[in-house]
Protein chains: 2
Amino acid sequence: MTIDPGSYTPVYVQLADIIRERIARGQYAPGQILPSEQQLIQEFLVARVTVRKALAELKAEGLVVTKPRQGTYVREEADRDAVVVEGEADVIARMPTPDERRKLGIPAGVPVLVVEREGQAPAVLPADRKIVRLRCKG
Amino acid sequence: MTIDPGSYTPVYVQLADIIRERIARGQYAPGQILPSEQQLIQEFLVARVTVRKALAELKAEGLVVTKPRQGTYVREEADRDAVVVEGEADVIARMPTPDERRKLGIPAGVPVLVVEREGQAPAVLPADRKIVRLRCKG
DNA sequence: GCCCATTTGTCCGTATGTATA
DNA sequence: TTATACATACGGACAAATGGG
């Protein structure tokens with residue numbers, strides 16, 4: 001897997017694809033730190049902005065998280081608690097507002113689940129830690 | 001609402017906040033085109049990267065979409081079809097893979113809903129056009 | 001149909017700040 | 001203290017497609 005600067009596919013997309021593939025293969029495992037931006041620059045011979053753009057893609061996908069002045073890590077899947085819904089409900093998903101991100105501690109690239117039930121205020125759940133489970137009585 | 005370069009809040013965050021506010025107030029309405037990057041550069045006296053970073057934030061939030069060589073538009077909320085699920089099911093949300101984005105035509109900043117049912121392949125639904133409606137038989 | 005200005009996309013270089021190890 | 005690492009922000013350049021006249 002290598003980068004072709006002459007390709008019509010942007011370099012940062014090619015780079016993101018390569019890193020995504022390495023994560024998928026387990027070469028970079030969950031919780032593990034990725035090579036630093038400098039190391040990626042040297043390995044693939046691209047500019048820093050290009051590396052950062054590739055990493056930004058992976059962040060937006062929720063695949064990695066970056067800790068300032070430490071590094072970029074493969075996101076670990078947390079165990080997700082089930083929020084049990086009995087009866088009727090509508091469930092939507094969307095990206096959180098900045099306020100919701102702060103209050104719920106939601107990292108970049110993670111959506112929220114919104115559960116709407118008759119006569120109740122909508123519940124906003126961080127999708128990396130919650131799932132909605134429908135159960136019927138009987 | 002103006003930009004303070006001396007603030008500890010990054011300029012691009014301040015700019016994103018301002019534009020988000022204008023969208024919320026309806027100054028920029030759904031479907032409407034935002035000022036071009038050049039216009040934003042001149043209005044707020046910042047560099048182009050800064051404008052682009054602010055717009056990237058709003059894209060990641062699903063608030064705007066950009067059409068290459070045309071402009072950046074306030075995303076219009078489409079009517080969402082209800083996918084009715086009866087019986088037991090788990091519903092999760094996550095960002096789509098690049099493959100899923102292509103196949104389902106999902107814009108940036110829009111998650112997918114995944115419905116998992118016993119003995120069935122998971123259903124992957126674009127969250128900007130679908131909602132999951134949970135129902136119990138009876 | 002053709003030309004041209006506009007607009008976003010991509011890519012590079014450089015500099016400074018600041019927290020971490 | 002020093003080196004490392006990411007974050008922010010400035011600058012410039014070229015490509016490619018759209019849209020208006």
Side-chain angles (χ1 to χ4, degrees), chain A residues 2-19 28 31-75 98 101-102 107-109, chain B residues 2-19 28 31-75 98 101-102 107-109:
Chain A
T2 175
I3 296 218
D4 171 18
S7 165
Y8 284 106
T9 308
V11 176
Y12 78 87
V13 174
Q14 296 182 50
L15 180 51
D17 287 344
I18 291 174
I19 299 174
Y28 302 144
Q32 189 182 329
I33 193 169
L34 296 186
S36 74
E37 294 180 355
Q38 262 312 316
Q39 289 172 321
L40 292 172
I41 288 168
Q42 287 164 8
E43 175 175 1
F44 296 102
L45 301 176
V46 294
R48 183 161 179 231
V49 262
T50 306
V51 168
R52 288 182 62 77
K53 193 95 164 61
L55 293 177
E57 291 287 298
L58 302 177
K59 273 188 272 188
E61 288 171 29
L63 221 52
V64 305
V65 293
T66 69
K67 305 186 185 179
R69 282 144 241 119
Q70 291 185 37
T72 302
Y73 297 80
V74 182
R75 190 156 72 82
R101 287 193 53 191
R102 269 189 301 274
Chain B
T2 173
I3 297 223
D4 171 17
S7 165
Y8 285 107
T9 307
V11 176
Y12 78 86
V13 174
Q14 297 181 50
L15 180 51
D17 288 344
I18 291 173
I19 299 174
Y28 303 144
Q32 189 181 331
I33 192 169
L34 295 187
S36 74
E37 295 180 356
Q38 264 311 318
Q39 291 172 319
L40 293 173
I41 288 169
Q42 286 162 8
E43 175 174 0
F44 296 101
L45 301 176
V46 294
R48 186 173 176 214
V49 264
T50 306
V51 168
R52 289 181 63 77
K53 193 99 164 59
L55 293 177
E57 291 287 298
L58 302 178
K59 273 187 271 188
E61 289 171 28
L63 219 53
V64 305
V65 293
T66 68
K67 304 185 184 178
R69 279 139 241 125
Q70 292 187 38
T72 301
Y73 297 79
V74 181
R75 192 157 70 81
R101 288 193 51 191
R102 270 190 300 274

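Every chain is numbered from 1 and lettered A, B, ... according to where its sequence line falls, protein lines coming before strand lines. It should be emphasised that the depicted structure is a prediction, and the values quoted were computed from it without experimental measurement.
Here D:dG12 presents its P atom at 11 Å from CD of B:Q38, a figure rounded to the nearest Å. Following rounding to the nearest Å, B:R52 (CZ) and D:dA9 (P) show an atom-to-atom distance of 16 Å. Atom CG of A:L58 is separated from atom P of D:dC6 by 14 Å (rounded to the nearest Å). The separation between A:K59 atom NZ and D:dA7 atom C1' is 9 Å, rounded to whole Å. As rounded to whole Å, 14 Å separates atom P of C:dT6 from atom CZ of B:R48. We find that CD of A:E57 is positioned 12 Å from P of C:dG9, with the value rounded to whole Å. The distance between atom OH of B:Y73 and atom C1' of D:dT18, rounded to the nearest whole Å, is 10 Å. Computed from coordinates, the A:Q70 CD to D:dA3 C1' distance equals 16 Å when rounded to whole Å.
Between B:Y8 and A:T9, the one whose closest nucleotide on DNA chain C sits nearer the 5' end is A:T9.
Scanning both residues, A:R101 and A:A108, for their nearest heavy atoms gives NH2-N, 3.4 Å. For the pair A:T50 and A:Y12, the tightest heavy-atom approach, listed with the atom from each and the gap, is O-CB, 3.7 Å. For A:Y28 against A:P35, the heavy-atom pair with the smallest separation is OH-CG, 3.4 Å.
Close to C:dT10, at under 4.0 Å from its OP1 or OP2, lies a side-chain N or O of A:Y12. A close approach under 4.0 Å does occur between a side-chain nitrogen or oxygen of B:T50 and OP1 or OP2 of D:dC10.
Between atom CG of residue B:L58 and atom OG1 of residue B:T72 there is a gap of 9.0 Å, rounded to the nearest 0.5 Å.
Which of D:dA7, C:dT7, C:dG9 sits closest to the side chain of B:P68 comes down to C:dG9. Among the nucleotides D:dA7, C:dT8, C:dT10, the one closest to the side chain of B:R69 is C:dT8. Closest contact between the side chain of A:V49 and the listed nucleotides C:dG17, C:dC12, D:dT8 involves C:dC12.
At distances below 3.5 Å, not a single donor-acceptor pair connects side-chain atoms of B:E37 with backbone N or O atoms of B:R48.
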